[in-house]
Protein chains: 2
Amino acid sequence: MLTSAVSTQIAVHRAGHAVVAPATRHIARCSTCAMRHLCMPQGMSAEELPKLEALICTARAVRRGEPLYCAGTPFENLYAVRSGSLKTTMAHRDGREQVTGLRLAGESLGLDGIRDDVHACSAVALEDSSVCIVPYAALKRLCRESGAMQERLHRLMGEQIVREASQMMLLGSLSADERVAAFLLDVSERNAQRGYSSAEFNLRMTREDMGSYLGMTLETVSRTLSKFQKRGLIDARGKFIRIVDLEGLRGL
Amino acid sequence: MLTSAVSTQIAVHRAGHAVVAPATRHIARCSTCAMRHLCMPQGMSAEELPKLEALICTARAVRRGEPLYCAGTPFENLYAVRSGSLKTTMAHRDGREQVTGLRLAGESLGLDGIRDDVHACSAVALEDSSVCIVPYAALKRLCRESGAMQERLHRLMGEQIVREASQMMLLGSLSADERVAAFLLDVSERNAQRGYSSAEFNLRMTREDMGSYLGMTLETVSRTLSKFQKRGLIDARGKFIRIVDLEGLRGL
DNA sequence: CGAATCCTTGACGTGTCTCAAGATCCGTGG
DNA sequence: CCACGGATCTTGAGACACGTCAAGGATTCG
């Protein structure tokens, strides 16, 4: 359930209700889907609401390991993660892939295609997931009609710009210990913002994914997590991670 | 002079004319300023043009070493570099600063403030420079009236998102040699796109700035440049750099 | 339940950092 | 225009954090 916490990523109504719609229908209108708030700023007038729901709220299921979209393919939609989680990856000329992002339930996806109508990244589900589809062309039209809507989309892009700049800082100037600690704290905080536990969570990335995202090898990720465990900072059992000493992690 | 090359960063008209307006007036309307094209997509109707020019084209001079804006200060304007160059920097909690971007003449600046109306980065001039001021509130209004304008702004943000993702890749998986080579090629290409020489240019960053941007120490930057010089890949005399063997650099 | 994937840990190699000293560049003021 | 002084750059030697290679164990998922 959502708490009254308001995400900075995607603002959420202050009423508690189910985050995840019943997963029985894979392609479905998600009028009960919390993610429609991606496009529902507080300032929006009542008559605009139906237009919105008509536009954006189609859901799509993505199986673990399957791509939601691929780098190089035409960009048409933005997405909001309804349940599950995905990674975004980019490839070098030589084919090496690197993880460039992690998207948890409630976060948005697909902005990498806006530059030139072709996706710059691929998005792959880390577990069986569900996303809301937001047709970009229609969203753009809506943003010209509604200032609140425009504001929302701009902030979403701004958020990603700042988030990526922070990741550049992490990669450019932190040690392996500091990177792993910063990553765990980031995931923890993003969980908290969406009303989930900040103290424990299932990280569906592999050690290799984490290493790729954090600019280190999977072995170093593993060693670092083991070290944190020995020091009593975390309790990690495979993909399940519990943060024991938050301040200790912050202090790195 | 501009060639007919069209920048992907900021599309430029296909007519050649001076990139840099006469620098005699520091605060001036820059109706002759190429940077007004930031907000002048091809698809724009004739009657919208005056509105645009009324809005955006005020210039501001920034002395070498001076900030154009600082992290933590209110965000009100976007900027387009008219002449000169700037770096953007971000600070860690502990005060360490890292260079997160380099902006050459013709490129845009300030998107880091859109997320929450406060600048996330600082922007500091690398040499005496001049920028066009684009009030964000007015630009937003314009984007609701003009689809072409909206498109332009979105692509600008999309460009930055993709650019930063590429920099994350560089920082996360390239060796020191590869990073320096990629950086030189990037600057070279950006120069070419704006009609300047791709083979030689003045990089006004210090070795320390480059190191900070590329996630390495200034000593390693220096050693790497020396190595490239010995191999006949480049000709570097302090901040002036000439690319001798483009393919050789690409091959790293 | 079984096989493939994923994770952990060890030993060793190396790319990059750190510290240091001298050279060079460049802005400033005379 | 020149001289000065601080900032910047180069280069070397040694240290160390992290990568690489390898092997065995634990998950996980079909």
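Naming: A, B, ... by sequence-line order, numbering from 1 per chain. Reckoned from all heavy atoms, side chains included, excluding hydrogens, waters and symmetry mates.
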Give a yes/no answer on whether the side chain of [X] brings an N or O atom under 4.0 Å of OP1 or OP2 in [N].
| X | N | result |
| --- | --- | --- |
| A:Arg207 | C:dT8 | yes |
| A:Lys239 | C:dC7 | yes |
| B:Thr220 | C:dC17 | yes |
| B:Ser226 | D:dT11 | yes |
| A:Arg204 | D:dC29 | yes |

## Note on the structure
Assert: residue with more 5' nearest nucleotide on DNA chain D, out of A:Gly238 and A:Met216, is A:Met216
Taking [atom1] from [X] and [atom2] from [N], how many angstroms apart are they, rounded to a whole number?
| X | N | atom1 | atom2 | answer |
| --- | --- | --- | --- | --- |
| B:Met210 | D:dT10 | CE | C1' | 13 Å |
| B:Asn202 | C:dC25 | CG | P | 14 Å |
| B:Glu178 | C:dG15 | CD | C1' | 12 Å |
| B:Leu126 | C:dG27 | CG | C1' | 16 Å |
| B:Glu127 | C:dC26 | CD | P | 13 Å |
| B:Leu174 | C:dG15 | CG | P | 15 Å |
| A:Leu171 | C:dT16 | CG | C1' | 16 Å |
| A:Arg237 | C:dT8 | CZ | C1' | 15 Å |

### Query
Which part of the nucleic acid, if any, lies within reach of A:Gly65 when heavy atoms closer than 4.0 Å are counted: base, sugar-phosphate only, or nothing?
nothing
### Message
Under 4.0 Å, heavy atoms only, any strand: does B:Arg64 hit a base, just the sugar-phosphate, or nothing?
### Response
sugar-phosphate
Below 3.5 Å, does any donor atom in the side chain of [X] face an acceptor in the base of [N], or the other way round?
| X | N | answer |
| --- | --- | --- |
| B:Glu219 | C:dC19 | yes |
| A:Glu208 | C:dC6 | no |
| A:Arg223 | C:dG10 | yes |

### Message
For the residue pair A:Ser175 / A:Glu178, report whether a side-chain donor-acceptor contact shorter than 3.5 Å exists.
### Response
yes
### Query
side chain to side chain contact (heavy atoms under 4.5 Å, CB included) between A:Thr206 and A:Lys87: does it pass, once the steps are laid out?
CA-CA 11 Å; A:Thr206 66; A:Lys87 65 176 173 182; over 6 Å; no
Looking at [options], which one has an atom nearest to any side-chain atom of [X]?
| X | options | result |
| --- | --- | --- |
| A:Thr206 | D:dC18, C:dC7, C:dC17 | C:dC7 |
| B:Leu218 | D:dG19, D:dT10, C:dG27 | D:dT10 |
| B:Ser222 | C:dC17, C:dG27, D:dT11 | D:dT11 |

### Plane angle bin for A:Phe75 and A:His119 - parallel if under 30°, tilted between 30 and 60°, otherwise perpendicular
perpendicular
### Query
Counting heavy atoms not belonging to A:Glu208, are there more than 12 under 6.0 Å from its CD?
no
### Message
For a 4.5 angstrom cut-off between non-hydrogen side-chain atoms, does A:Leu102 reach A:Leu203?
### Response
yes
### Task
Flag the pair B:Tyr196 / B:Phe201 as yes when their ring centroid distance falls below 6.0 Å, and as no otherwise.
no
